Amino acid sequence: MAILSILCYPDPRLHTVARPVGAFDERLRQLTRDMLETMYDAHGIGLAATQVDVHERVIVIDVSEDRNRPLVLINPEITWASEETVVGDEGCLSVPGIYDGVERASCVHVRALDVHGQEFSLEAQELLAVCIQHEMDHLLGKVFVEYLSPLKRNRIRSKMIKRQRDEARA
């Protein structure tokens, strides 16, 4: 397994729309193992393939307290979203150290494939529902800061560029 490099906002590759996965092979299984290892190493609860510069519809998630219940969603689709919403402080491994409120559906139904190409459905609520919606945005080329005001988004963009410049000098 390997720790993959996570793209940081405002990297333009984060705005690439992911294509559907067609081959359910060892390469895909290795990608999901590497993504899970990367997510756990970065102390995240979700990671989309777009964030590691692989532009395929692959998401890994683990919202369990013990970090031992990984969920892999291939070619996921939200088939239903509740009208009831929640606003929570979201963060993102591609926007480290930044958290802000985003409104999301409080419950979603999702249809996806597992790493072997077998279809499954699940109903997600609360944190899992928010995480799925956040990661699916990545597959559409959208980063959570795009839900924020232009002023906040520009401040975050400037802060991230400065941080990347400082890290490159170190």
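What you are looking at is a predicted structure, and each value in this text was computed from that prediction instead of being measured.
The only option from His138, Gln51, Arg13 that meets the side chain to side chain donor-acceptor pair (under 3.5 Å) definition with Ser94 turns out to be Gln51.
One finds the CG atom of Leu14 at 8.0 Å from the OG1 atom of Thr16 (value rounded to the nearest 0.5 Å). Annotation: the span from Ser64 atom OG to Leu127 atom CG amounts to 10.5 Å, rounded to 0.5 Å. Considering CZ of Arg155 and CG of Leu151, their distance stands at 4.0 Å, rounded to 0.5 Å. Summarising the geometry, atom CD belonging to Gln133 is positioned 10.0 Å from atom CG belonging to Leu128; distances are rounded to the nearest 0.5 Å.
A donor-acceptor contact shorter than 3.5 Å is absent between the side chain of Glu37 and the backbone of Arg33. Checking side-chain atoms of Asp62 against main-chain N and O of Arg69 turns up a donor-acceptor pair under 3.5 Å. Proximity of a side-chain donor or acceptor of Asp34 to a complementary backbone N or O of Ala2 within less than 3.5 Å is detected. Here the side chain of Asn75 pairs a donor or acceptor atom with the backbone of Val21 at under 3.5 angstrom. Not one N or O on the side chain of Arg57 forms a donor-acceptor pair closer than 3.5 Å with the backbone of Ala18. When atom types are taken as modelled, the side chain of Glu56 and the backbone of Ala49 share no donor-acceptor pair closer than 3.5 angstrom.
In this structure, Ile98 and Met160 have side chains that are in contact, with non-hydrogen atoms separated by less than 4.5 Å. Under the 4.5 Å side-chain criterion, counting only non-hydrogen atoms from C-beta, Arg104 is in contact with His134. Looking only at side-chain heavy atoms (C-beta outward), Arg29 and His116 come within less than 4.5 Å of each other. Asp100 is not listed as a side-chain neighbour of Tyr147, based on a closest heavy-atom distance of 4.5 Å or more. Taking the side chain as every heavy atom from C-beta outward, Asp11 and Asp53 never approach each other to under 4.5 Å. Between Asp114 and Phe120 the shortest side-chain heavy-atom distance falls below 4.5 Å. Side chains of Glu84 and Cys107 form no contact here, defined as non-hydrogen atoms less than 4.5 Å apart. Residues Leu4 and Leu47 form no side-chain contact, since every pair of their non-hydrogen atoms from C-beta on lies 4.5 Å or further apart.
Gln30 and Arg27 share no side-chain donor-acceptor pair at under 3.5 Å.
Hydrophobic cluster membership differs between Leu7 and Val52, with clusters built from Ile, Leu, Val, Met, Phe, Trp and Tyr side chains linked at under 4.5 angstrom. The hydrophobic cluster containing Leu139 does not contain Ile74, counting ILVMFWY residues as joined when their side-chain heavy atoms lie under 4.5 angstrom apart, directly or transitively. Residues Val54 and Val115 share a single hydrophobic cluster, defined by chaining ILVMFWY side chains whose heavy atoms lie under 4.5 Å apart. Linking Ile, Leu, Val, Met, Phe, Trp and Tyr residues whenever their side-chain heavy atoms come within less than 4.5 Å places Leu28 and Val60 in a single cluster. Val110 and Ile59 fall within the same hydrophobic cluster, where Ile, Leu, Val, Met, Phe, Trp and Tyr residues are linked whenever their side-chain heavy atoms come under 4.5 Å apart, directly or through other members.
The environment of CD in Glu65 is sparse: at most 12 heavy-atom neighbours from other residues, nucleotides or ligands sit within 6.0 Å. Heavy-atom contacts from other residues, nucleotides or ligands closer than 6.0 Å to CZ of Arg163 number more than 12. The number of heavy-atom neighbours closer than 6.0 Å to CD of Glu119, taken from other residues, nucleotides and ligands shown, is above 12. Under a cut-off of 6.0 angstrom, the local environment of CD in Gln164 is crowded, with over 12 non-hydrogen atoms contributed by other residues, nucleotides or ligands.
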Hey, mind stepping through Leu122 and Leu71 against side chain to side chain contact (heavy atoms under 4.5 Å, CB included) and telling me if it holds?
-> CA-CA 11 Å; Leu122 66 97; Leu71 176 62; 4.0 Å; yes

Applying side chain to side chain contact (heavy atoms under 4.5 Å, CB included), run through Met35 and Met39 and close with a yes or a no.
-> CA-CA 6 Å; Met35 286 175 62; Met39 178 189 73; over 6 Å; no

Carefully, step by step, assess Ile161 and Arg165 under the rule side chain to side chain contact (heavy atoms under 4.5 Å, CB included).
-> CA-CA 6 Å; Ile161 289 170; Arg165 213 178 303 126; 3.2 Å; yes

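Applying the ring-ring contact (aromatic ring centres under 6.0 Å, His included) rule to pairs touching residues 7-42 yields nothing, sequence neighbours excluded.
For Ala48 against Glu135, the heavy-atom pair with the smallest separation is N-OE1, 3.1 Å.
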